[in-house]
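Notes follow once the structure below has been shown.
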Amino acid sequence: MRSSAAPLWLGLVPIGALIVLWEAISGFRIVNPTLLPPLTQVLPVVSHIVLSGEILEPLSQTLAIMAAGYLIGCGIGCGLGLLMGWNRAIYDLFDPLVEIIRPIPKAALLPPLFLFLGMGLATKLVIVALAAFFPVLINTIQAVRGVSPVAIGTGRTLGFSSVKILFRIVLPFSLPMILAGMRISLALALILVVLAEMLVDSRGIGYVILDMQRSFKIRDMYAWIIILGVLGMLLNAAFEVVEKRLVPWRTR
Amino acid sequence: MTEAGGSKVLRGRISGWLLILMLLLLWEISGILSQAQSWPPFHSVIAATAKGLASGELLGVLLGTLGRMAAGFCIGGVLGVVAGLILGMDRRLAAAFTPLLEGLRPLPIPAIVPPLILFLGIDDALKIAVVAIAVFFPVLVNTLGGVQSIDWVLLQTARTFGKSRTVTMSRVVAPAVLPSILAGLRIALSLAFVTTIVAEMIAGSGGIGYFIIETQYAMRPDQMYAAVICLAAAGYALNWLFIRLEGRAIRWHRLSDTVPS
């Protein structure tokens, strides 16, 4: 009886209202328009940044570090998670250490990393990898432990080796939850790469946003923030595509 | 909490605690041998922690951070719950606002700090606002999910029995929604903690986030590590506290024990 799908245009109403509100606030000078220029003045800057190719250097910088750090962190998290979930002795060995390091906000580990790795590429890679590592690790351990013993027993009965059971039964069963962890990690990795760029060196979108604010190029600052928001949305969308491919049997 | 429970954990993971002990020993020995200013031995970090806490310097900085965090958490949490309840009342309203919320959410939190500095400066107001914004979204989304998952039959039953609106709210809606709200608040709590520190690092004024950066620049690594240790302890304590409160608030729904399938 109830229409489950609301018409698509309905979603545009609040977005439109927000844009009108933004225009009005700076148009009627409720807020100093220098600090909050109307969107109609910010969007041309966005298109200029994109079309002139100015976007390429910071974007590629941010994306490359994020991708590399994210993949390293997820890879190690997944590998160690499989081992810890699979083997009780390995779990006992690493679990206390994990529980001690996990509650530290990863941002707070940036300054110690500065001391060891300097204020550059290595620090940024390590902090992104660290941020991505923990959610994947925790989810993988839980997923592996939740694999049905019947499925594993079936594998044994069929004479599978332990390695084969791990890769042919445990891993596919665990994949949806590992991917759920990777989704959390994706958001964290983006946060950490932007923060690291703000604190570390003179490259990447995070640095550009802070630099524009400090040099009072306010329109450029908002333009880059919009670009970063779009980047976040595209990364999420890309993740969903990959997730659907890898676990098509899982209905969301 | 019980003695038996504690010792059981200790016995079961004896290899894990030995690993930690060995790492700390390695830290201590390498720290003594290296003589490098950036790598203080573990005992001097412990000494700096004790000294910082006793003198009140570190404690004051930490409490300042926690205070700002609490303020932002409360503001963002209340707004998130209220917005979630309002959107949850009507399916079309929720559908209308979903694209906007999904559009705003992927923006990483550090990016909103520079524009907010323009309006709020670099002090408490900035950090509280950033935390409130960070907290708002997960609480809203979880509250909304909770309201939408209320069993329709229960509401109809309450109506059939002629229960008043207040009774329906307190006896049917609240128990059904509370676990989701608390789950959202728990995610938001750790987010609030991180966000406070991130904002303090970027804005560069006050709090333990700034303290860590400051001590790193000033080459006082023992104090820097002491601050990191305090942060870990505070993070641990916050999580523990919330689990206890959550257990009290929703005894019928042991959320922290459920394992996602």
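These numbers were taken from a predicted model, which means no experiment stands behind them. In what follows, every chain begins at residue 1, and chains take the letters A, B, ... in the order their sequences are listed.
- The contact between B/M224 and chain A is made entirely by side chain atoms (from C-beta outward), counting heavy-atom distances below 4.5 Å.
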Go through B/M219 and A/L115 one step at a time and tell me if the side-chain contact (heavy atoms from CB on, under 4.5 Å) criterion holds.
CA-CA 9 Å; B/M219 264 307 188; A/L115 289 180; 4.0 Å; yes

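- Using a 4.5 Å cut-off between heavy atoms, A/I205 does not touch chain B at all.
- Atom CH2 of B/W17 and atom CG of A/D95 lie 9.0 Å apart (nearest 0.5 Å).
- Within the 4.5 angstrom heavy-atom criterion, only side-chain atoms of B/L23, from C-beta onward, approach chain A.
- For A/L18, the part lying near chain B is the side chain, with the backbone staying farther off; criterion is any non-hydrogen pair under 4.5 Å.
- Residue A/L186: no heavy atom, backbone or side chain, is found under 4.5 Å from chain B.
- Between A/F116 and B/W39, the ring-plane angle classifies as perpendicular under the 30° and 60° cut-offs.
- Among the candidates A/I225, A/L210, A/D211, the single residue satisfying the side-chain contact (heavy atoms from CB on, under 4.5 Å) test with B/P114 is A/L210.
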Take B/F119 and A/V31 through the side-chain contact (heavy atoms from CB on, under 4.5 Å) test and state the conclusion after the steps.
CA-CA 9 Å; B/F119 295 101; A/V31 168; 3.3 Å; yes

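- Of the inter-residue distances, the one linking A/L195 atom CG with B/I109 atom CD1 reads 11.5 Å to the nearest 0.5 angstrom.
- Only the side chain of B/I197 has a heavy atom closer than 4.5 Å to any heavy atom of chain A.
- Neither the backbone nor the side chain of A/V98 comes within contact range of chain B; no heavy atom of the residue lies under 4.5 Å from a heavy atom of that chain.
- A heavy-atom distance below 4.5 Å is found between the side chains of A/I15 and B/P99.
- Using a 4.5 Å cut-off between heavy atoms, B/T98 makes no contact with chain A at all.
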